[in-house]
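Encoded as structure tokens, the structure appears first; notes follow it.
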Amino acid sequence: MSNLFFKREFSSGSTIFAEGDAGDCAYIIEAGQVEIATSNKDDKIVLAQLGKGDLFGEMSLIDGLPRNASAQALVDTTLTVVTNDQIESRLQDADPVLGLLIRVILERFRSERKLHFHHLLEQDNRHLLAPQDSVNQSRHKALDNMKLEGELRRALEEDEFVLHYQPIVDLASGLVAGFETLIRWQHPERGLLSPFFFIEMAEQSALMVSIGHWLNKQACLAQQLFEKTVRACSPDAKAPFVGLNISGRQLKEPGFAAELGALIQETGTNPSHIKLEITESLLLNHDVALNWIKACKDRGFNITLDDFGTGYSSLSYLHYFPIDTLKIDQSFVLSMLDNPRSMAIIRSIMKLAQELGMDVVAEGIEKPFELQNLRAMGCTYGQGYLLSRPVSESSALNLLSGSRKLVDL
Ligand code: C2E
Ligand code: CA
Ligand code: CA
């Protein structure tokens with residue numbers, strides 16, 4: 001439904017909103033021209049004429065008050081709608097002092113604006129209100145982000161996200177042991193987009209929670225499908241696991257474990273075959289993270305510490321959190337050949353993991369030299385372009401119904 005409101009068209013002369021209307025959204029002008037005006041008895045007083053890229057109607061979004069000016073399309077106009085909840089979730093997440101400041105400044109602005117609009121009229125108000133370059137830049141960035149968020153919302157409704165699967169190989173046997181799920185966006189115009197273009201933006205908004213629900217379900221379904229495919233060929237083979245990347249937003253969700261628990265029941269998935277990948281940066285809030293991890297472990301899920309070694313206190317995390325698997329960050333593997341210290345660090349991580357009874361996955365294996373050394377050090381699992389790039393679901397299924405072997409060791 002909200003999809004309908006994502007972009008709106010107004011023909012020349014039509015009213016976008018009138019003074020006194022409830023303010024439930026703001027607009028960004030994609031094309032056209034909009035006049036903002038207020039009335040003084042019977043006189044119409046034009047406050048601004050806005051064009052492509054301008055934002056208007058934003059005040060009501062923050063304080064929920066009725067519109068104190070009207071907006072009219074001067075020519076045929078296309079607008080992107082910025083909804084209430086997009087702003088609301090940002091305000092909730094913002095430092096409370098900042099939230100308060102915004103509201104107070106807005107209150108003052110509203111009352112002063114009433115007093116000064118006559119004065120403003122006599123001058124070039126576009127010039128008066130023109131922000132400085134740096135303000136302009138951050139304003140454009142904020143607007144771009146809001147537009148991207150709208151697009152992401154639509155992408156979720158239109159089912160444009162897809163999962164790719166990167167094989168994780170048992171380095172002792174050379175067989176595929178499981179997959180890491182990696183999200184992509186099949187954009188209607190821009191093609192297949194990497195998570196680098198959108199995941200950070202999604203994480204800044206409440207949208208990541210909805211995308212997370214979708215990811216959880218897909219991961220459970222994929223694990224089931226992979227397990228059936230393997231068992232059809234060799235009934236005694238170990239079930240493949242599926243790694244799921246968890247964002248900071250999801251880690252703050254108190255109902256996460258219960259929701260995932262319900263999903264595995266619904267899909268018949270064994271929770272120990274779902275590996276939840278969390279990065280060290282998500283563990284800074286110890287208490288929240290520990291409760292989340294415990295709730296997931298109580299339900300039988302496996303916890304993987306992703307990008308291990310890149311945080312501030314990697315070792316203390318191991319002491320404090322019940323982790324099952326360590327994923328050695330790509331940067332250590334990448335520098336193995338040139339930097340003997342990286343090799344020594346990997347060897348130490350491996351020893352430590354062994355003593356603590358944890359599995360180790362080495363990420364970002366690109367060269368045979370790296371693979372050979374990791375095997376020689378007794379690393380349990382490997383992942384990287386040398387073994388396989390992330391592949392589509394059908395390619396993953398082909399791999400599982402074939403030999404499952406990615407390297408001859
Ligand atoms: P990550 O979790 O560290 O994922 C590993 C990334 O390294 C993937 O990039 C993968 O394609 C890439 N990679 C794998 N092998 C190699 C290699 O040999 N060399 C190099 N240079 N790179 C390799 P991708 O798919 O672009 O994902 C990037 C990041 O986006 C992920 O880093 C993760 O932080 C995030 N991400 C991806 N999918 C999801 C998701 O479903 N949920 C969340 N919350 N984040 C995701
Ligand atoms: Ca990961
Ligand atoms: Ca990683």
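The analysis underlying the following values was restricted to heavy atoms, covering all of them including side chains, and did not include hydrogens, waters or symmetry mates. Atoms within each ligand, like the ligands themselves, are counted from 1 in listed order.
- Checking only distances, Glu366 does come within under 3.5 Å of ligand 1, N or O to N or O.
- Heavy-atom contacts from other residues, nucleotides or ligands closer than 6.0 Å to CD of Gln354 number 12 or fewer.
- When the heavy-atom distances from atom 42 (N) of ligand 1 to Ile183, Val333, Leu182, Asn245 are ranked, the shortest goes to Asn245.
- Across Gln250, Gln330, Gln383, heavy-atom proximity to atom 7 (O) of ligand 1 is greatest for Gln330.
- Within the 4.0 Å heavy-atom cutoff, Arg184 counts among the residues contacting ligand 1.
- Side-chain contact check for Phe308 versus Thr325: every heavy-atom pair is 4.5 Å or farther apart.
- A salt bridge is defined here as a Lys NZ or Arg NE, NH1 or NH2 lying under 4.0 Å from an Asp or Glu carboxylate O, and Arg153 with Glu157 fails to meet this definition.
- Numbered from 1 in the order shown, with element, the atoms of ligand 1 that lie under 4.0 Å from a heavy atom of Gln166 read 10 (C), 14 (C), 15 (N).
- Heavy atoms of other residues, nucleotides or ligands lying less than 6.0 angstrom from NZ of Lys217 number 12 at most.
- Using a 4.0 Å threshold on non-hydrogen atoms, atom 2 (O) of ligand 1 counts as touching the protein.
- A 4.5 Å side-chain heavy-atom check between Phe226 and Val242 finds at least one atom pair inside the cut-off.
- Salt bridge present: Arg231 and Glu227 bring a charged side-chain N and a carboxylate O closer than 4.0 Å.
- Heavy atoms of Leu386 found under 4.0 angstrom from ligand 1: none, in either backbone or side chain.
- Taking atom 5 (C) of ligand 1 as the reference point, the nearest protein heavy-atom neighbour is Glu363 OE2, 3.6 Å.
- Protein heavy atom closest to atom 27 (O) of ligand 1, with residue, atom name and distance, is Pro195 CG, 3.4 Å.
- Taking the centre and axis of the six-membered ring of Phe301, the NZ or CZ atom of Arg299 falls outside the cone set by 45° and 6.0 Å.
- The protein heavy-atom contact nearest to atom 16 (C) of ligand 1 is Tyr385 CE2, 3.3 Å.
- Under 4.0 Å is where a charged nitrogen must lie from a carboxylate oxygen, and between Glu30 and Lys7 no such pair does.
- Residue contacts with ligand 1 include Glu180, since one of its heavy atoms falls under 4.0 Å from the ligand.
- Within the 4.0 Å heavy-atom criterion, the part of Asp307 lying near ligand 1 is the side chain and not the backbone.
- Aromatic pair Phe197/Trp185: centroids not less than 6.0 angstrom apart.
- Using a 30° and 60° split on the angle between ring planes, His286 and Phe321 fall in the perpendicular class, above 60°.
- Atom 34 (O) of ligand 1 is never approached by the protein to below 4.0 angstrom, counting heavy atoms only.
- A salt bridge does not link Lys275 to Glu180: none of the charged nitrogens lies less than 4.0 Å from a carboxylate oxygen.
- Aromatic pair Phe198/Phe161: centroids less than 6.0 angstrom apart.
- Interface of Leu215 with ligand 1, defined as ligand atoms under 4.0 Å from a residue heavy atom, comprises 41 (O), 42 (N).
- Within 6.0 Å of atom CD in Glu259, more than 12 heavy atoms from other residues, nucleotides or ligands are found, so the atom counts as buried in its surroundings.
- Inside a sphere of radius 3.0 Å centred on the Ca ion (ligand 2), the protein N/O/S atoms present are Glu180 OE2, Asn245 OD1, Glu277 OE1, Asp306 OD2.
- Of the protein's non-hydrogen atoms, Pro390 CG, 3.4 Å is the one closest to atom 11 (O) of ligand 1.
- Between Tyr165 and Phe179, the ring-plane angle classifies as perpendicular under the 30° and 60° cut-offs.
- In summary, the atoms of ligand 1 found under 4.0 Å from a heavy atom of Gly364, numbered by their order in the structure, are 16 (C), 17 (C), 18 (O).
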